[in-house]
S.K.: 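One structure, as structure tokens, below. Some questions next.
Convention: sequence-line order gives letters A, B, ...; per-chain numbering from 1. Please read these numbers as outputs of a predicted model, since none were measured by experiment.
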Amino acid sequence: MSVSETSSTSVEKPNPIRETIIYLLMAAVAITTVGPFLIMLSVSLTQNIRFITFPVELIPTPMTLENFQTLFARTDALRWLFNSVYVAVISTLGGVITSSMAGFAFARGDFWGKNVIFVLFLGILIMPDTALIVPQFVVLSQLGLVNTYTALIGPWFASIFGTFLLRQAYLSIPRDYDDAGTIDGANLWQNWWHVLMPQVVPTMATLAVLRFMGNWNSFFYPMIVTSKSDMRTLTVGLGTVARSGGDAGLDMAGAVLGFLPTLLVFILMQRYIIRGISLSGVKG
Amino acid sequence: MAVASPSQRATSQFLRRLRRSLPWYPFIIINAVVFLVFNLVPWISMFRYSVLKTDLLSTREFVGVAHFINMLTDAKLHKAMLNTAWFTLMYIPLLVAISLGVAVLVNRPLRGMKAFRAIYFLPNITSVAVLALIFRRFLSPRPDGPLNFLIGLVGIPPQRWLIDVYQAMPSIVGISLWEAFGYFMVIWLAGLQAIPNELYDAAKVDGANGWRLHRYVTIPLLRPTAAFIIVIATIGALQVFGSIFILTGGGPVNATTTVVYQIYNEAFNFGRFGYASALSILFFLIILLIALIQSRYLRFGEDVY
């Protein structure tokens, strides 16, 4: 994890006993976070397991994929997986591009209403999303958008947090770049796309990862705007699996299916996630 | 040649300004439309519906401020507010202590530290559904359930966890802590590492050592980070919903019904969308008030040096 390698707390002389104690403590914490995931994986591969009982068999014999077959046969899990991928990808791409556009406009633009709109955006940012869920549902049901991808993707197609993040990034670029572009005959769009955006790609990547994870893991909103099983996202669908009281093997197969995609993104994009959090402290 | 009149000049200035502005609007138009449809309009509809009695289908009747008066005597709402406060008061101190403790633990130039930090972050990347699937099984009331087995090793009898009126909320707190501490550890680490080493050196020159080094350098300089974490975590804690929805459904006997869960209940189980909208306004005001008080008290956003 790359916050930084260096430490600022006290300069310690190497002390083997102290170091051992620290490692033991860290290992103990690590067991509490990794342990449940390991047990989840092993139970998902165990045959006919109704309950998780301790002591648990970490490497099941025989190992089987039956639980996953049951999951796909009995629920719409494959469809949920598709929905989640589709919604998360479109939401992420859309949100990052529009944030980049608006961030550019707020950093460089000189237009009527700039400050008013900016303050309005700030006002929306402080609104806790759970307080807005009911009215959002009311509006969407009046527009006939319940159970549509539009409802699932819509709010994610723009990000105020992202707009602020990108605005800051653009502000850190000297104006000389814009001027050089303009002299070379570039219009605003060309300046944005060819001259300035390449320099904020790391910020956009950070935003993209945060948005992807946030969207994939979101539960309340997508649950509210979908009532049909085939429109649910994986997170919402797995929520219904958890409530339905199947056997442990099925539950853990669902958990593995929900966990693996985020784990993959985390492993590949870890440094962007950490950067995003330390940069802002606010989730996508 | 005629001299332009003031109004003509104003018009030409207006046109110039308009011409300068126009090219920028396409850059914000998508944002604006999204916020209009998914934020501004719902905002307005929240106020409009707060004075109506409606199930969105057949009934629709103006009731004025009746909803807000009913809140005063709504026992379920009061219970939900107490539950939310109870959750937050258990959760925040533990979260701050645990995440800071772990951050201090891993903030050392030791081998493998990065891997440990990544491992601690793992629970945070899981969705609430995965969390619920796992912990519903781990908190099984069976004597041979995972957690009951583990506490049995140290001689504690099996507990009922999520299905016990007194243990359900602490169980939810525990699950939330497990999920969140890695995230706040990262923020603490950023705060710890932002403290310049020179300050420690200077303090040592002045004769500070060990605990006093932390007392007079680390702790004061971490205040902005602490303020940030407490405000952000509190806003999150007040909105707890997903894990409760899946794991306990607000039960047993409303023991885990939080304000958000109650709003959900009123709207989607009882079809009282007007009352739920009024509750949403109340909830928003409560969060705003608490965040403002905290920010002021913790001097949020102020620099320390």
Side-chain angles (χ1 to χ4, degrees), chain A residues 1 3-10 25-26 29-30 33-34 36-37 40 51-54 98 101-102 104-105 109-112 124 128 130-132 134-136 138-139 141 154-155 157-158 163 188 213 217 219-220 235 238-239 242-243 248 251 254-255 258-259 262 266 270 274 277-278 281, chain B residues 20-21 23-24 27-28 30-31 34-35 38-39 41-42 45-46 49 56 102 105 107-109 114 116-120 122-123 125-130 132-134 136-137 144 146 149 186-187 189-190 192-193 195 197 228 232 235 239 241-242 246 260 263 267 273 276-277 280 283-284 287:
Chain A
M1 194 151 292
V3 173
S4 144
E5 285 270 28
T6 57
S7 154
S8 54
T9 49
S10 58
L25 277 173
M26 293 199 306
V29 180
T33 60
V34 177
F37 292 121
M40 160 189 85
F51 304 101
I52 302 179
T53 53
F54 266 28
T98 57
M101 278 163 56
F104 172 66
D110 171 27
F111 52 92
W112 258 324
I124 295 170
T130 46
L132 211 56
V134 170
Q136 274 175 336
V138 169
V139 170
S141 68
F157 216 77
T163 301
L188 281 183
M213 297 289 249
N217 288 337
F219 178 76
F220 198 3
T235 301
L238 290 178
R243 280 157 64 96
D251 277 10
F259 180 59
T262 48
F266 178 63
Q270 208 200 100
I274 301 313
I277 296 170
S278 7
Chain B
R20 270 232 306 271
S21 291
W24 291 102
F27 282 96
I28 58 164
I30 302 177
N31 270 35
V34 170
F35 298 135
F38 292 97
N39 285 290
V41 173
S45 110
M46 178 169 73
Y49 276 77
L56 296 188
V102 175
L105 192 65
N107 186 31
R108 299 160 201 278
K114 278 188 173 185
F116 277 110
R117 288 179 197 163
I119 286 171
Y120 297 167
L122 274 186
I125 63 168
T126 54
S127 70
V128 65
V130 172
L133 281 165
I134 294 176
R136 199 166 64 98
R137 298 294 173 173
D144 55 358
F149 176 86
V186 172
I187 302 180
L189 278 172
L192 282 169
Q193 287 165 359
I195 301 174
N197 272 320
F228 179 78
I232 294 294
I235 293 175
Q239 299 184 71
F241 174 79
I246 302 175
V260 175
I263 293 176
F273 284 92
S277 297
S280 296
F283 181 56
F284 168 64
I287 290 189

S.K.: What's the separation between atom CZ in A:Phe259 and atom CG in B:Leu122, rounded to the nearest 0.5 Å?
M.R.: 5.0 Å
S.K.: What's the separation between atom CG in A:Leu132 and atom CZ in B:Phe38, rounded to the nearest 0.5 Å?
M.R.: 11.5 Å
S.K.: If we ignore angles and hydrogens, is there a donor and acceptor under 3.5 Å between the side chains of A:Thr163 and B:Asn31?
M.R.: yes
S.K.: Below 4.5 Å from any heavy atom of chain B, which atoms of A:Met40 appear? Answer side chain, backbone, both or neither.
M.R.: side chain
S.K.: When only pairs under 4.5 Å are counted, which of A:Leu238, A:Thr262, A:Val29, A:Val34 shares the most heavy-atom pairs with chain B?
M.R.: A:Val29
S.K.: So, for B:Ser21 and A:Phe111, which heavy atoms are closest and what is the spacing to 0.1 Å?
M.R.: OG-CA, 3.3 Å
S.K.: What residue, out of B:Tyr49, B:Phe116, B:Phe283, has the most heavy-atom pairs lying under 4.5 Å from chain A?
M.R.: B:Phe116
S.K.: Quick one: closest heavy-atom pair of A:Ala105 and B:Ile28, and the distance?
M.R.: CB-CG2, 3.7 Å
S.K.: Indicate yes or no: at least one non-hydrogen side-chain atom of A:Asp251 is less than 4.5 angstrom from one of B:Arg137.
M.R.: yes
S.K.: Answer yes or no: is there a side-chain heavy-atom contact under 4.5 Å between A:Leu188 and B:Trp24?
M.R.: yes
S.K.: Any chance you could lay out the side chain to side chain contact (heavy atoms under 4.5 Å, CB included) test for B:Val260 and A:Phe220, step after step, and finish with the verdict?
M.R.: CA-CA 10 Å; B:Val260 175; A:Phe220 198 3; 3.4 Å; yes
S.K.: Please find the pair of heavy atoms, one from B:Phe284 and one from A:Ala131, that lie closest to each other, and give the distance.
M.R.: CB-CB, 4.2 Å
S.K.: In terms of heavy-atom pairs under 4.5 Å, which option from B:Ala276, B:Ser127, B:Ala129, B:Ser280 contacts chain A the most?
M.R.: B:Ser127
S.K.: Under a 4.5 Å cutoff for heavy-atom pairs, which residue among A:Asp110, A:Leu25, A:Val138 has the most contacts with chain B?
M.R.: A:Asp110
S.K.: Atom CD1 of A:Ile274 and atom NZ of B:Lys114: how far apart are they, to the nearest 0.5 Å?
M.R.: 11.0 Å
S.K.: Quick check for you: to the nearest 0.5 Å, what is the distance between B:Phe27 atom CZ and A:Thr98 atom OG1?
M.R.: 13.0 Å
S.K.: Donor-acceptor check, side chain of B:Arg136 to backbone of A:Ala242, threshold 3.5 angstrom: yes or no?
M.R.: yes
S.K.: Taking every heavy-atom pair that is under 4.5 Å apart, which of A:Gly109, A:Gly258, A:Ser141, A:Gly239 has the most such pairs with chain B?
M.R.: A:Gly109
S.K.: Run the side chain to side chain contact (heavy atoms under 4.5 Å, CB included) test on A:Val134 and B:Phe273 for me, step by step, so that the C-alpha distance in whole Å, both residues' side-chain angles and the decisive distance to 0.1 Å come before the verdict.
M.R.: CA-CA 7 Å; A:Val134 170; B:Phe273 284 92; 4.0 Å; yes
S.K.: Using atom types as modelled and distance alone, determine if a side-chain donor or acceptor of B:Gln239 lies under 3.5 Å from a backbone N or O of A:Thr130.
M.R.: yes
S.K.: Can you tell me which portion of B:Leu105 sits under 4.5 Å from chain A's heavy atoms? Options are side chain, backbone, both or neither.
M.R.: both
S.K.: Can you tell me which portion of B:Ile125 sits under 4.5 Å from chain A's heavy atoms? Options are side chain, backbone, both or neither.
M.R.: both
S.K.: Show the nearest heavy-atom pair for residues A:Gly254 and B:Leu133, with the distance to one decimal.
M.R.: C-CD1, 3.9 Å
S.K.: Quick check on B:Phe241 against chain A: is it the side chain, the backbone, both or neither that has a heavy atom closer than 4.5 Å?
M.R.: side chain
S.K.: Got A:Asn217 and B:Thr126 here, is their nearest side-chain heavy-atom distance under 4.5 Å?
M.R.: no
S.K.: Sort B:Arg20 into side chain, backbone, both or neither according to what part of it lies under 4.5 angstrom from a heavy atom of chain A.
M.R.: both
S.K.: So, for B:Ile30 and A:Met101, which heavy atoms are closest and what is the spacing to 0.1 Å?
M.R.: CD1-CE, 4.4 Å
